[in-house]
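First the structure, in the form of structure tokens, and then the observations on it.
Just the heavy atoms: all of them, side chains too, but no hydrogens, waters or symmetry mates, feed the values below. Letters A, B, ... are given to chains in the order of the sequence lines, protein chains preceding strands, and every chain is numbered from 1.
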Amino acid sequence: MPELVLHNSLTRRRERFVPLDPEHVRMYVCGPTVYDVPHIGNARPAVVFDVLARLLRSLYPRVTYVRNITDVDDKINARAAERGEPIGAITARTIVDYHADMAQLNVLPPDIEPRATAHIIEMLTLIERLIANGHAYAADRHVLFAVSSFPQYGRLSGRSPDELLAGARVEVAPYKRDPGDFVLWKPSPPDLPGWDSPWGRGRPGWHIECSAMAWRYLGETFDIHGGGSDLIFPHHENECAQSFCAFPGAQFARVWLHNGMLRVGGEKMSKSLGNFSTVRDVLAEAPGEAVRLLLLRGHYRAELDFTAAGLAESRRELDRFYRALDRVPAAAGPMPAPVPVPVMAALCDDLNTPLALAGLHALADAALAGDAQAAAGLRSAGALLGLLQADPAAWFRGAGDAGAIKAAIAERQAARRERDFARADAIRATLAGQGVVLEDGPAGTTWRRASTGEGAGQ
RNA sequence: GGUCCGGUGGCAGAGUGGUGAUGCAGCGGACUGCAAAUCCGCGUAUGUGGGUUCGAUUCCCGCCCGGACCUCCA
């Protein structure tokens, strides 16, 4: 088995991955807050950790991948009020949208997708434990985590408690003992979601849900916790604090992985800046597989500029891969080939997807030269990355009715036989204007839809 | 202001203490009626100034530039 190395945010170094239980690898990834359709930045962790889950499944006998849904949150409440729509309707619809969009990107469902609202009991249990352990206190119908009770606070984000306090720009609520204390539970008025608790009707703070759901499904200590780098502070720092203090002696997540942010025009893509594209917008411009490839063309920890040019380039790369698969029909056979070593080695090296893709290009070269084994390897390597599983014919020509195109091709063939090249070229130009590219080969003429920016009519 | 990350050819993007992958684009050639695709070949890069070293793009320091986090954010 190849050795898997991962960069651990907690130690800031690359470490050999050693699962707690080699028979059962456990991973938790922060999922979406469901108040709006997902944007392409939300898709990056989904895709990145989907690749990791696929890799882990190929390396270990059993993997449990948990990705939560946050369905209680002030942003959701605000959206509901603003639109005059019931909270449940917004979250239900957004979850459907999220699943649909992720499926378009070939993101497989996680093994467990728990919702925060279904785990209030676990949250309350944790909060009571924290109070009992002296790490939390009730004040003014809130329950707060006492940062000063946890000397290691700041370890994950690499900050000292003093720094964090000095940098606290948030308005400090009067009931906080310490400006850095954060809310575990807060009161909820009748018009907002709320649950009965020892401190009155209330709802959870942001961070406690992940501690609760990770505990519920993966235990006090598990292998991997993932999410966007913008979650390191405060979200993951606070999760760490809660879980460490609720379960003294346990390690919570042993390896922390964080994906870099997407950028647009050199700036982070974010809701607050308003510079985001929804997954839907992007899917109107390019196939989901091209979007996925674009997200994997950079290393997951690096920032990635999201550009139309990059998307078009990804599509052309896929054209070549699918051409290679098309060249050797055996590649579509039922027997999955082993993933070629260079690709596996690259992925095991802290998920180096750009290097793995270079390996795919080498396989494509060989396949185009007629190497059926390389084509089969390309298909397997693609499967590990969540790519190249479509029928090449579908990739190039889509599902629409091609009768008119085929008729035009037949007409052009007749003109060519009569050496009426002016006529033949005119037909080809007409098709090109419709975004159809012809390729004359020894076995006849084939056609495909032009990629973005290729040829006329695009 | 504090903390952290990064600056590689036209663009995207890896690796590496010993003259730098891969892709896209470009150029030349083969193939083609012409194209497309494919194949062959070509070109251009390690921000900057020091240091360590036999030797640095790779390690260390300064500087410049870009970005992230410190507040909701994937």
Classify the nucleic acid contact of A:L360 as base, sugar-phosphate or nothing, counting any heavy atom under 4.0 Å across all strands shown. nothing
Aromatic contact, A:Y217 with A:H119 (centres under 6.0 Å): yes
From the candidates B:rG33, B:rA68, B:rA12, the one with an atom nearest any side-chain atom of A:E303 is B:rA68
Minimum-distance nucleotide (side-chain atoms of A:L368 versus B:rA21, B:rU38, B:rC69): B:rU38
Each stem that RNA chain B is part of, given as range with range (3 or more consecutive Watson-Crick or G-U pairs, under 3.5 Å): B:1-7 with B:64-70, B:10-12 with B:22-24, B:26-30 with B:38-42, B:47-51 with B:59-63
Closest nucleotide among B:rA74, B:rC72, B:rG33 to the A:P234 side chain: B:rC72
Which listed nucleotide (B:rC69, B:rG33, B:rA36) is nearest to the side chain of A:F233? B:rC69
Tell me the interatomic distance from A:Y322, atom OH, to B:rU38, atom P, rounded to whole angstroms. 16 Å
Could you tell me how far B:rA25 sits from B:rC40 if I compare only their P atoms? Round to whole Å. 16 Å
With sugar-phosphate meaning primed atoms plus P, OP1 and OP2, does A:L304 contact a base, only sugar-phosphate, or nothing at under 4.0 Å between heavy atoms? sugar-phosphate
Name the residue closer to the 5' end of RNA chain B, choosing between A:R416 and A:H361 according to the nucleotide with the nearest heavy atom. A:H361
Residue A:N42, side-chain atoms from C-beta onward, closest of B:rA74, B:rU71, B:rG33: B:rA74
How many Å lie between CG on A:N275 and P on B:rA68, as a whole number? 10 Å
Between B:rG6 and B:rA14 - P atom distance, rounded Å: 12 Å
Using atom C1' of each nucleotide, how far apart are B:rC60 and B:rU52 to the nearest Å? 7 Å
What is the separation between atom NE2 on A:H258 and atom P on B:rC70, rounded to the nearest whole Å? 13 Å
Could you check, using the six-membered ring where one of them is a Trp, whether A:F252 and A:F222 have ring centers closer than 6.0 angstrom? yes
Nearest to the side chain of A:R327 - B:rG2, B:rA14, B:rU38? B:rU38
Check whether any side-chain nitrogen or oxygen of A:K271 sits under 4.0 Å from OP1 or OP2 of B:rA74, and answer yes or no. no
If only side-chain N and O atoms count, and only distance matters, is there a donor-acceptor pair under 3.5 Å linking A:D281 with A:T278? yes
For A:D319 and B:rA25, what is the distance between atoms CG and C1' respectively, to the nearest whole Å? 15 Å
Does any N or O donor sit under 3.5 Å from an N or O acceptor when you compare the side chain of A:R301 with the base of B:rC5? no
Quick one: does A:P234's side chain get under 4.5 Å of A:F182's, heavy atoms only? no
C1' atoms of B:rG7 and B:rA12, separation to the nearest Å: 15 Å
By nearest heavy atom, map A:E439 and A:S270 onto RNA chain B; which one lands nearer the 5' end? A:E439
Min side-chain heavy-atom separation A:E209-A:N68 under 4.5 Å: yes
Measure from the ring center of A:Y300 to the ring center of A:H258 and say whether it is less than 6.0 Å. no
On a whole-Å scale, what distance lies between the P atoms belonging to B:rC11 and B:rU48? 15 Å
Is A:R315 close to A:E289 at the side-chain level, that is, under 4.5 Å between some pair of heavy atoms? no
Looking for any heavy atom pair under 4.0 Å, which part of the strands does A:H235 touch: base, sugar-phosphate only, or nothing? nothing
Pick base, sugar-phosphate or nothing for A:G359, based on heavy-atom distances below 4.0 Å to the nucleic acid. nothing
In whole Å, what is the span from the CD atom of A:E317 to the P atom of B:rC11? 18 Å
Taking atom P of B:rA74 as reference, at what distance in whole Å does atom NE2 of A:H39 sit? 6 Å
Counting the benzene-type ring for Trp, do A:H207 and A:H236 have ring centres under 6.0 Å apart? no
Please check if atom CZ in A:R397 has more than 12 non-hydrogen atoms from other residues, nucleotides or ligands closer than 6.0 Å. yes
Compare the minimum distances between each of B:rC11, B:rC70, B:rA74 and the side chain of A:E313, then state the nucleotide with the smallest one. B:rC11
Take atom P in B:rA45 and the same atom in B:rA35, then report the distance between them in whole Å. 32 Å
Does OP1 or OP2 of B:rA68 have a side-chain N or O of A:R263 closer than 4.0 Å? no
When you check the side-chain N and O atoms of A:D326 and A:W395, is any donor under 3.5 Å from an acceptor? no
Within the structure shown, what part of the strands sits under 4.0 Å from A:S229 by heavy-atom distance: base, sugar-phosphate, or nothing? nothing
Counting only side-chain heavy atoms from C-beta out, which of B:rA74, B:rA36, B:rC72 sits nearest to A:R44? B:rA74
For B:rU38, take OP1 and OP2 only and decide whether either is under 4.0 Å from a side-chain N or O of A:R320. yes
Nearest to the side chain of A:L355, heavy atoms from C-beta on, is which of B:rA21, B:rC72, B:rA74? B:rA21
Donor on one side chain, acceptor on other, A:E15 and A:T11, under 3.5 Å: yes
So for A:R428 and B:rC34, does any side-chain atom that can act as donor or acceptor lie under 3.5 Å from a complementary atom in the base? yes
How is A:R67 classified with respect to the nucleic acid when contacts are heavy atoms under 4.0 Å: base, sugar-phosphate, or nothing? nothing
Specify the separation, in whole Å, of atom CG of A:D425 and atom P of B:rG33. 12 Å
With sugar-phosphate meaning primed atoms plus P, OP1 and OP2, does A:G41 contact a base, only sugar-phosphate, or nothing at under 4.0 Å between heavy atoms? base
Heavy atoms only, 4.0 Å cut-off, all strands: where does A:L438 land among base, sugar-phosphate and nothing? base
Rounding to an integer number of Å, can you tell me how far A:Y153 OH sits from B:rC70 C1'? 11 Å
Return a table of donor-acceptor pairs under 3.5 angstrom between the side chains of residues 380-388 of chain A and protein atoms on other chains or two or more places apart.
unit_1, atom_1, unit_2, atom_2, d
A:S380, OG, A:A337, N, 3.2
A:S380, OG, A:A337, O, 2.5
A:S380, OG, A:A376, O, 3.3

Nucleotide nearest A:D440 when distance is taken to its side chain, options B:rU22, B:rC24, B:rC34: B:rC34
Would you say A:R323 reaches B:rC39's phosphate, i.e. side-chain N/O to OP1/OP2 under 4.0 Å? no
State whether A:R316 places a side-chain N or O below 4.0 Å from either non-bridging phosphate oxygen (OP1 or OP2) of B:rA25. yes
Once you apply a heavy-atom cut-off of 4.0 Å, does A:D74 come out as touching a base, just sugar-phosphate, or nothing? nothing
Could you measure between the two C1' atoms, the one in B:rC5 and the one in B:rU22, and give it in whole Å? 24 Å
B:rU44 to B:rU3 separation - C1' atoms, rounded to the nearest Å: 38 Å
